[in-house]
Amino acid sequence: MIIRFKQKFSLPVEDIFTYFKTPADWARLFGLAADVKNLGGGWYAVPLKQFPFPLVARNTEQKTNELARWAFRGFWRGQGEVRFTETPDGTVVEGYEEISIRWLFFFSPLVERLFLERRFHSVWGVGWYRLRKREALIEANVV
């Protein structure tokens, strides 16, 4: 399954980028079912709510305030990317996440569509909601 997104926030790029420095930082954005485990070599086990197996991921490329790319291993396989573009009034966050169940091969798309796609969209939705909430708090303090 591939999840694509493009969101615009009135937050500075450095505020948003901090959530993507490592997979361990995803916890602050998406919420967790348990603690993140550092597996060494840049790999982290990130246990998300409503998922039976943690996302085991590591960043494969990073440009501060511009780009974060990651790969999955273990139960999940795939990759993802987030690009950050500063605008005069904030930041555009654009990217994708391609993820599937490693051992289901041809059955993975069916299982993803029936049981996982909505959940993954929901996880990203929680992240966007938290950034919008942060955006509103900052605006309320300024005004």
Checklist line | Nearest heavy-atom neighbours spanning V36 and P47 | finding: CA-CD, 4.2 Å
Margin query: Tell me every residue that passes ring-ring contact (aromatic ring centres under 6.0 Å, His included) with W43, counting only those two or more places apart in sequence or in another chain.
Written below: none
Note to self: Holding to ring-ring contact (aromatic ring centres under 6.0 Å, His included), I want the full list of residues that pass it with Y96, two or more places apart in sequence or in another chain.
What the structure shows: none
Notebook entry, point to check: Can you tell which of Q79, R4, E81, R77 makes a side-chain contact (heavy atoms from CB on, under 4.5 Å) with E98?
Noted result: Q79
Next item on the list: Report, as yes or no, whether the 6.0 Å neighbourhood of atom OH on Y129 holds more than 12 heavy atoms from other residues, nucleotides or ligands.
Entry: no
Next item on the list: Check salt bridge (charged side-chain N to carboxylate O under 4.0 Å, His left out) between R58 and all other residues, then give those that pass, not counting sequence neighbours.
Entry: none
Notebook entry, point to check: Quick one: side-chain contact (heavy atoms from CB on, under 4.5 Å) partners of D15, sequence neighbours excluded?
Noted result: L11, P12, R134, I138
Item checked: Separation of E117 CD from I2 CD1 (nearest 0.5 Å) -> 10.0 Å
Next item on the list: Grab the two heavy atoms, one from E97 and one from F5, that are nearest each other, plus how far apart they are.
Entry: N-CE2, 4.4 Å
Item checked: Distance-only donor-acceptor check, side chains T91 and K8, under 3.5 Å -> no
Checklist line | Cationic tip of R28 above Y19 ring, under 6.0 Å, 45° of axis | finding: yes
Next item on the list: Answer yes or no: is there an ion pair linking E94 with R83, defined by an N-O contact shorter than 4.0 Å?
Entry: no
Next item on the list: Could you tell me the separation between the CD1 atom of I99 and the CH2 atom of W70, rounded to the nearest 0.5 Å?
Entry: 10.0 Å
Next item on the list: Apply side-chain contact (heavy atoms from CB on, under 4.5 Å) to V123 and list each qualifying residue two or more places apart in sequence or on a separate chain.
Entry: F30, L48, F51
Checklist line | Counterpart residues, salt bridge (charged side-chain N to carboxylate O under 4.0 Å, His left out), relative to R118 (two or more places apart) | finding: none
Notebook entry, point to check: Between Y44 and W26, is the gap from one ring center to the other below 6.0 Å?
Noted result: no
Notebook entry, point to check: Which heavy atom in V46 sits nearest to a heavy atom in P23, and how many Å separate them?
Noted result: CG2-O, 3.6 Å
Next item on the list: State whether the number of non-hydrogen atoms from other residues, nucleotides or ligands found under 6.0 Å of K6 atom NZ is greater than 12.
Entry: no
